[in-house]
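Heavy atoms only: backbone and side chains are in, while hydrogens, waters and symmetry mates are out. Everything quoted here is computed from the prediction, not taken from an experiment. Here is the naming used below: chain letters follow the sequence lines, and residue numbers restart at 1 for every chain.
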Number of protein chains: 2
Amino acid sequence: MKMTTKGRYAVTAILDVALHDSNGPVNLSDISQRQDLPLTYLEQLFSKLKKNHLVESARGPGGGYRLAQGADQITVAKVIYSVDEPIDVTRCKGKQNCQGDLRCLTHDLWMELNMHISGFLNGLTLADLINRNNVKQVSERQDVIMMQLQS
Amino acid sequence: MKMTTKGRYAVTAILDVALHDSNGPVNLSDISQRQDLPLTYLEQLFSKLKKNHLVESARGPGGGYRLAQGADQITVAKVIYSVDEPIDVTRCKGKQNCQGDLRCLTHDLWMELNMHISGFLNGLTLADLINRNNVKQVSERQDVIMMQLQS
DNA sequence: ATATACTTGACTAAAAAACTAGGTTATGTG
DNA sequence: CACATAACCTAGTTTTTTAGTCAAGTATAT
């Protein structure tokens, strides 16, 4: 399956935007510091997130990114799909040509697993995550550390 | 996530054993032909399946592998776990040290996804698969082709 | 003007996955 | 007993993917 650091980073980063964009656009350096992710890598990821209309950007001083849709409209699945190849556990990418030009013995099993995972990730939005206690706690911790670094 | 060809091959191959071991041990060359998987790679996989007591082996002519437990006792999860590292979608392997020595913002999300996938795969046995129509159909097709090749 | 910050695309090092090679050992059969 | 068969074992090698860097831009607020 396609479930890599890239997708994880993207979800973490866009969640960071969702948590902070009430004070205007969030810039990548801040995200990089807060979430401990490489800045240049984030640039790549946000380029894709923007192409997929999940974030919008503002250039220049005070610029950065904000959500292009409501946090309750952006699902975790969309974010992962934006930066990674579609999540897929089959050998044939769903084309049913896993054995010669026919379905292999376990084709349907992997398809089912795909659906299962997608179902879970489709049902989960950034708004859901923001409301979770564990996310709130970690986010507050990170904000405190940022304040200390800047003073 | 750790969901690779290796795990897929292993499930396909052991399912092949489950489907055919009523006529005595199933040898790897046959599996290799029927499922179109590299023989030497299968050897590696079955070595692990045996270590994990999912199959037992018989050497010499007429030898091969058969299930070491009932098909209703062997879950897809067990098979995958046997040949691959544990399925895990977190950055920290569940150790909560994804950011410095603390939990990252999305730690709990990935843990939850882990549970979800494991739950699905734990609830599915080889016996379940054998009873599926799509598996029966593909298996019959494969058997016919094997007969043709041998004649 | 100038500093800030986004944009783009090519490039690379490192790790993991997939697969191969070449043997050794056990065992049923004639 | 010889010999064919098939499991077993240990190292490789090759390929692919991933994660991340670098460099050279462009746009914009102040």
Side chains of A:N134 and B:H107: is there a donor and an acceptor less than 3.5 Å apart?
-> no
Do any side-chain nitrogens or oxygens of B:T4 fall under 4.0 Å of OP1 or OP2 in C:dA18?
-> yes
Applying salt bridge (Lys or Arg N to Asp or Glu O under 4.0 Å), name anything that partners A:E112, two or more places apart in sequence or on another chain.
-> B:R132
Contacts of B:R141 meeting salt bridge (Lys or Arg N to Asp or Glu O under 4.0 Å) (sequence neighbours excluded), chain-then-number -> none
Figure out the NZ/P separation between B:K6 and C:dC19, and round it to whole Å.
-> 11 Å
From the list B:T125, B:V79, B:V17, side chain to side chain contact (heavy atoms under 4.5 Å, CB included) with B:I74 holds only for B:V79
Of all heavy-atom pairs between B:L54 and B:K78, which one has the smallest distance, and what is that distance?
-> CD1-O, 3.9 Å
Between A:N27 (CG) and C:dA3 (C1'), how many Å, whole number?
-> 13 Å
Integer-rounded Å distance: D:dG12 P and B:Y41 OH = 19 Å
So B:Y41 and B:Y9, would you call those rings parallel, tilted or perpendicular, with 30° and 60° as cut-offs?
-> perpendicular
Touch class at under 4.0 angstrom, heavy-atom based, for A:Y65 against every strand present | sugar-phosphate
Between B:Y9 and C:dA17, is there a side-chain N or O to OP1/OP2 distance below 4.0 Å?
-> no
Nearest-angstrom distance from the residue atom CG of B:D36 to P of C:dA18 | 15 Å
Protein and nucleotides 10-12 of chain C: nitrogen or oxygen contacts under 3.5 angstrom:
none

Please report, rounded to the nearest Å, how far the P atom of D:dA6 is from the CG atom of B:L45.
-> 19 Å
In short, A:Q35 meets A:D16 closest at the heavy-atom pair NE2-OD2, 2.6 Å
Looking at B:T5, does any N or O in its side chain come under 4.0 Å of the phosphate oxygens OP1/OP2 on C:dA17?
-> no
Near-strand residues of residues 48-63 of chain A, defined as heavy-atom separation under 4.0 angstrom from DNA chain D = A:R59, A:G60, A:P61
Write down the distance between CG (B:L42) and C1' (D:dC9), rounded to a whole number of angstrom.
-> 16 Å
How would you list all residue pairs meeting salt bridge (charged side-chain N to carboxylate O under 4.0 Å, His left out) that involve residues 40-65 of chain B, not counting sequence neighbours?
-> none
Relative orientation of the end axes in the helix from C:dA1-D:dT30 to C:dG30-D:dC1, expressed as an angle to the nearest 10° (five pairs per end) | 10°
Which of these nucleotides, C:dT8, D:dT21, C:dT20, is closest to any side-chain atom of A:S47?
-> C:dT8
